[in-house]
2 protein chains.
Amino acid sequence: MIFGFDENELKILLIRSDLEIFKGQWSLLGDFAADNEELDGAAYRVLCERTGMTDVYLEQVRTFSKPGRHPGGRVLTVAYCSLLNIEQHKLGKMDNELHWHTVKGIREMAFDHKEIMEFSYTWLQKRIMEHPLGFNLLPEKFSLRELQNLYEAILDIKLDRRNFRKKFFSMDFLIDTGEYEDDVPHRPGRLYQFNFEKYELNKRRWTGIDF
Amino acid sequence: MIFGFDENELKILLIRSDLEIFKGQWSLLGDFAADNEELDGAAYRVLCERTGMTDVYLEQVRTFSKPGRHPGGRVLTVAYCSLLNIEQHKLGKMDNELHWHTVKGIREMAFDHKEIMEFSYTWLQKRIMEHPLGFNLLPEKFSLRELQNLYEAILDIKLDRRNFRKKFFSMDFLIDTGEYEDDVPHRPGRLYQFNFEKYELNKRRWTGIDF
DNA sequence: ACTAAATGTGTAAAAATAACACACTAAAAA
DNA sequence: TTTTTAGTGTGTTATTTTTACACATTTAGT
């Protein structure tokens, strides 16, 4: 499950299924693990191979094991969730078979991947409430508005501007970089702070997913 | 990971390792899944075979996959967590090779089972804060004191009597059965309510682990 | 008879969360 | 050029949740 965030929507990276019976359907990225490969490493390998990116958030979600879930025989799938900056990925050359889909818009998928996706999405919604993972979906520097849009998209709810800001500042993860974004069209509003002042993650205070 | 609760301590059911190199060490209960078996079902099968019990809480925790974690070759372990009423289990004839250990007292285990146990224990501590799972470790009818002792043992903290009671009553999961326990030595205290009045789970209100 | 340990009970403080309004700015529309 | 619309900045209050806390009472143990 490779998630990205673009145009204020949560996206997921999919590939066209290469199996005849799932022709035209989309499937999650995956691969078989080598005999001597730890699954964390295998998932990371696939991630890097497919996206060309490194240093990406990745965490195990759950194992799916229904018999018959793969037409070719018995296959267990250990699902991993990854969050990356979609812009950074798009800058590299995009594999032709890969496509970013909106999470909300997907109707049908190959195998039991719809079920896996829905489970992982619910998992992510919960996870993001407990750990500051959202940063991984944004560029290094971002505005509060971008961050709030991200949370609203993932959780599929509206958040209060003031409470959101209060919450994040109280956690003390954000550093005000003092920079402003200038080369995007200005929105209404007095000081542009919310929209254009850039923040970044305070890495001294946040050293991992557990806090 | 088969957890039980006895003598105010969290216990876990272990078996002596049958491998020479782990001689004398304890290991978690497990088995290989059959070719056409869903892992949920396989875990449940092992659970029933070993304990003779049915209708037991069981949930997937995580998959462990380090190469070399099993001397006989590549083995992936999908850990499941089960909570059962230890009294009920003890009433059946106890397999000679099985033994209930205190979770806190275990020093060494076969394979990487110590790591799996610690991960699952942490998982359980978190899980039990979010879902009312504790009931599964107690007999059908139990006192508030038993329930509090259980939470204190699992979380390894002291809880306030009044706040604990308030919390559980506000959740509205408990039914006062009107019964009292008489055949155990009375403890000090005025009305015995906390210690001896029996409650049971309100199954109308609690239909699963998600609430 | 006395001591020790555990009980029953309610309230107040603190912390976290949720709700809310108005003046201001810029873009878009008229 | 004016008007409308949408979006911003800011602080306070109310609500809810969580935590802290004391004393009279009861039984077991000595």
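Quick caveat: nothing in here was measured; it's all calculated off a predicted structure. Reminder, nothing fancy here: chain letters follow the sequence lines and each chain counts from 1.
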Could you give the CZ-to-P distance, from A:F164 to C:dA19, as a whole number of Å? 16 Å
Would you mind reading off the distance between A:K158 atom NZ and D:dA6 atom C1', rounded to a whole angstrom? 12 Å
With respect to the side chain of A:R165, which nucleotide from D:dT18, D:dT10, D:dA22 is positioned closest? D:dT10
B:R69 charged N/C atom sitting above B:F64 aromatic ring, 6.0 Å / 45°: no
Please state how far atom CG in A:L144 lies from atom P in D:dG7, giving the value in whole angstrom units. 17 Å
Measure all distances between protein nitrogen or oxygen atoms and nitrogen or oxygen atoms of nucleotides 10-14 of chain C, and list the pairs falling under 3.5 Å.
residue, atom, partner, partner atom, Å
C:dT11, O4, B:K166, NZ, 3.0

How many whole angstroms separate atom CZ of B:F168 from atom P of D:dT18? 12 Å
Hey, is NZ on B:K104 packed in by over 12 heavy atoms from elsewhere, all under 6.0 Å? no
Check whether any side-chain N or O of B:R145 sits under 4.0 Å from OP1 or OP2 of C:dT7, and answer yes or no. yes
Atom CZ of B:R161 to atom P of D:dC23: distance rounded to whole Å? 14 Å
Gap between atoms NZ and P, on B:K167 and D:dT16 respectively (whole Å): 16 Å
Aromatic ring centroids of A:F168 and A:Y151 under 6.0 Å? yes
Is there a side-chain contact between A:H89 and A:I2 in this structure, where contact means two heavy atoms from C-beta onward sitting under 4.5 Å apart? no
Count the heavy atoms belonging to other residues, nucleotides or ligands that lie under 6.0 Å from NZ of A:K167, then report whether that count exceeds 12. no
For the CZ atom of A:R107 and the NE2 atom of A:H101, what is their distance to the nearest 0.5 Å? 12.0 Å
